[in-house]
Amino acid sequence: MLEKLLSASRAYYVWLGFLLCLIAGCGLAYWQQLRTGLSITGMSRDVSWGLYISQFTYFVGVAASAVMLVLPAYFHHYKKFKRMIILGEFMAVAAVVMCALFIVVDLGQPQRMLNVMLHPSPNSVMFYDMLVLIGYLALNIVIGWVTLEAERLGVEPPKWIKPLIYLSILWAFSIHTVTAFLYAGIPGRHYWLTAIMAARFLSSAFCSGPAILLLLVFLVRRLTGFEPGKDAVRTLATIIVYAMCVNVFFYALELFTAFYSQIPGHAEPIVFLFAGHDGHLAWVSYWMWAAAVMAFISLALLIPPSSRDNPALLPFALVLLVAATWIDKGLGLLVGGFTPNMYETVTPYMPTAREIIVALGVYAIGALVLSLLWKIALDVKREVGNFSG
Amino acid sequence: MNKSRRSFLKVAGLSVFALTGGLAARAAMPGAAGAGIAPGGYAKGEKALRAGRWAMVIDTRKFAGPEDYEPLAEACRAAHNVPRIPDAQNVKWFWADSYEHCFPDDMNAYPDDKTRARAYPLLCNHCANPPCVRVCPTQATYKTEDGIVAMDYHRCIGCRFCMAGCPYGARSFNFKDPRKFLPSPPPNPDFPTRMIGVVEKCTFCAERLAAGKMPACVEASDGRVLFGDLEDAGSNVRRALAADFSIRRKPSLGTQPGVYYLI
Amino acid sequence: MYNAKAVIAGILVFAVLGTAPFWAGMTGKEYRSTGIIPPKDEKSCIENAEFMRAEHMRLLNEWRDEALRGENRVYAASGGKKWNISLQNTCLKCHSNHEEFCDRCHTANSVYPYCWTCHILPGESK
């Protein structure tokens, strides 16, 4: 099926060329980071993780979210998702690739990263995170490729793929749970030390991931005429709104425990995130308030079926939702975890331009993987007449 | 695509995967990777100081401001070639801070003026139950049989999970090349420096204990910092703890720090 | 298979070329010095020269793990002599000229260990 990549429009190749140039350009910033160390980032002794790890966390969620298509399609035989499911699986592949790269760019000694396998440490959550991510990547590549091939040949997928699909459903939950355990098992980081972290991660993933998928599918519909199916879009939007409600609810639970118990450690990171310190708002406070506002606007637009099914409003609401969840998990989570620091003082963190460029490079690689895989999938669908209408 | 060629590629891909997997599994087996290569044997040094669990007791009443701790911090830096880096990406093994920052639990809202005004030293607590060791994905940080939480800089991949895990902020990452911030040659030619991209911290001077010497900060403290075996009821540290009131940093986290402060 | 002859021949050529260093190594040659200059005052290293030549890197790894993890900082060599386990304070005391000893052989064999980013060389100054 790789030959599908050899026959594409000029615009597609220009897009690939653009991504490759972007990757090369951002690669220069990473090259500099390799030579001069992570000193090019805004991280410090007190805020020892930053943008890279937060993006890793966010994209594990995006990867896991493929299950929101797979689960209804295979557990509940919801056939209308069948057309879009491959796009979800291939998006998961791209997202896991990004996760792996975000970890690599965050390492101080990346040439030693295989030490995680050479000296396996079952006591470390990161060991399990590596296992589940590699497993999830393999599962999605195999399942996506085999089912797409069967679709192309007009036959039922082979029987052996079924158990793998069921496994991938459980596996999707596991990757984000394990990622939450990276944070939720650490004593002394009050913002992270919460049993609901994994549940929050999953709910945030199950609204933001499908929202990103839908936005990308809308874009592809505009560009190629691929029709995901009206009912499928409607169902996925419903899933998104439920997940987002749960996500906001879970965050409210955090707020209750922190502020009703009035235990200083629980409240301080949240106070910092929304109110800054010493009477000054931190830069992240503006983002957090923006996230809160966007979350509620997106819910206000998505909950009433009339506006949710409105093709003009839906993308707008989804963009707000993605932005809100990204700020919560891709920014606030890390800043809140490290601020106040271990001495109850504030060490500010702001990603540097070069740090953002390196992260952008990883985004571009994800976009490249996604572009290649989706092109194959969409061409196969066009070939077998499973494309529009 | 031709059917047989495709199946050939599949088989080839799978065999490469199996082969590398097998190699990785062999390397992962304990002892397989060249252990026991040496024809000779290994032993502890004759002068080596041993303990069930090393611990430190700091008589903070005999120190006042941060300047009182400076000779100790300087002894530490000199012994381990710890650089002075003048920004937030710095490296610290032993340093002084205020009462509120050292003991943020606010145990007494109205401590006496002297206690509040004093500076307190911070360093790795060499916990009995260290979160940094628990989270390290490569066992680059580990606990020795003497209760020291030690680091193997050769193995550290610089993921900084241990820094997130440490509730005491005892760990530093080499954001920058430390040698650029050290004189050349570095102060102690008998001890290595670190390299860019690895995490480091206080080692309770394991290398000095092995040579029969007390830790550098203890030696520089004129007896105001005690160092001994916590598991020996007759040791200097146990006697000091029995005689005076002492506190530890963040005891509620269950890490069981090995650094005690006499207040 | 299309072009079966060319494909099989190509695979064979690739396999031979890819494994060439192993065959070349196995055809057995005498040890040829890369021109390293061993320390003049010492007659022998902690173990015999053949062992050290072949295994010094693994021995150093083992030393590191024994000293750091096992707190065994003394090595009793097979000859009975005891050595303090330390690259910087034992090995480099005799092998004090790393350019003529370490580097010469490492460079000839295209290996570039980065020991000296941390371990301080004798007489080092920038």
Side-chain angles (χ1 to χ4, degrees), chain B residues 1-6 8 12 31 33-48 50 81 139-140 142-146 148 150-155 174 177-180 182-198 200 203 206-207 209-211, chain C residues 1-4 7-8 11 14-15 45-48 50-52 54-90 92-93 96 113-126:
Chain B
M1 202 196 247
N2 185 297
K3 185 95 187 174
S4 59
R5 189 166 54 178
R6 189 157 61 196
F8 165 75
I37 196 84
Y42 293 94
K44 309 239 186 282
E46 277 158 23
K47 283 193 280 180
R50 311 276 302 147
N81 301 322
Q139 293 155 38
Y142 54 91
K143 227 170 74 172
T144 68
E145 39 187 66
D146 291 345
I148 295 176
M151 274 289 296
D152 180 353
Y153 309 112
H154 307 84
R155 195 183 283 184
N174 284 279
D177 179 1
R179 292 238 177 156
K180 292 205 175 118
L182 285 167
S184 179
N188 183 359
D190 295 334
F191 197 78
T193 64
R194 267 68 58 199
M195 69 187 297
I196 202 163
V198 299
E200 64 181 79
T203 60
E207 84 289 355
L209 295 171
Chain C
M1 198 189 276
Y2 307 118
N3 305 323
V7 169
I8 290 168
I11 290 173
F14 175 78
C45 198
I46 55 166
E47 299 290 350
N48 66 54
E50 286 71 33
F51 175 82
M52 293 311 290
E55 304 288 359
H56 66 278
M57 58 304 252
R58 273 176 237 169
L59 181 69
L60 283 173
N61 278 349
E62 192 175 303
W63 269 26
R64 175 195 62 208
D65 290 346
E66 286 286 342
L68 292 181
R69 288 168 196 272
E71 297 189 304
N72 292 319
R73 291 179 188 250
V74 171
Y75 177 69
S78 49
K81 199 169 170 192
K82 286 186 176 171
W83 301 87
N84 181 28
I85 291 184
S86 172
L87 171 66
Q88 198 168 314
N89 300 327
T90 301
L92 293 183
K93 284 291 178 284
S96 54
Y114 51 94
C115 312
W116 322 124
T117 53
C118 297
H119 293 281
I120 299 166
L121 289 164
E124 181 178 327
S125 63
K126 270 181 271 184

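Residue numbers start from 1 in every chain, and the chains themselves are labelled A, B, ... in the order their sequence lines are given, proteins ahead of strands.
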Apply side-chain contact (heavy atoms from CB on, under 4.5 Å) to residues B:K44 and B:R50 and explain how you reach the verdict. CA-CA 10 Å; B:K44 309 239 186 282; B:R50 311 276 302 147; 3.4 Å; yes
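- When heavy atoms are compared at a cutoff of 4.5 Å, B:Y42 approaches chain C by way of both its backbone and its side chain.
- Side chains of C:F51 and C:L59 form a contact here, defined as non-hydrogen atoms less than 4.5 Å apart.
- Residues of residues 77-84 of chain C lying under 4.5 angstrom from chain B, judged on non-hydrogen atoms, are C:A77, C:S78, C:K82 by number.
- Contact annotation for C:E71: both backbone and side-chain heavy atoms come within less than 4.5 Å of a heavy atom of chain B.
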Checking side-chain contact (heavy atoms from CB on, under 4.5 Å) for the pair B:Y142/C:L68: CA distance, chi angles, key distance, verdict? CA-CA 10 Å; B:Y142 54 91; C:L68 292 181; 3.1 Å; yes
Criterion side-chain hydrogen bond (donor to acceptor under 3.5 Å, both in side chains) on C:E62 and C:Y75, from CA distance to verdict: CA-CA 11 Å; C:E62 192 175 303; C:Y75 177 69; over 6 Å; no
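- Residue C:N61 does not touch chain B at all, counting heavy-atom pairs closer than 4.5 Å.
- A donor-acceptor contact shorter than 3.5 Å is absent between the side chain of C:K93 and the backbone of C:P122.
- Within a 6.0 Å sphere centred on OH of C:Y114, other residues, nucleotides and ligands contribute more than 12 heavy atoms.
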Could you pull out all donor-acceptor pairs under 3.5 Å where a side-chain atom in residues 187-198 of chain B meets a protein atom, sequence neighbours excluded?
residue, atom, partner, partner atom, Å
B:N188, OD1, B:D190, N, 2.9
B:N188, ND2, B:A79, O, 2.8
B:T193, OG1, B:R179, NE, 3.0
B:T193, OG1, B:R179, NH2, 3.4
B:T193, OG1, C:T117, O, 3.3
B:T193, OG1, C:C118, O, 3.3
B:R194, NE, B:E200, OE1, 3.1
B:R194, NE, B:E200, OE2, 3.3
B:R194, NH1, B:H80, O, 3.0
B:R194, NH1, B:P192, O, 3.2
B:R194, NH2, B:H80, O, 2.8
B:R194, NH2, B:N81, O, 3.4
B:R194, NH2, B:E200, OE2, 3.2

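- Heavy-atom distances place the side chain of C:I85, and not its backbone, under 4.5 Å from chain B.
- Contact check for C:I46 versus C:W63: side-chain heavy atoms found under the 4.5 Å cut-off.
- The choice from B:R155, B:E145, B:K143 that makes the most heavy-atom pairs within less than 4.5 Å of chain C is B:R155.
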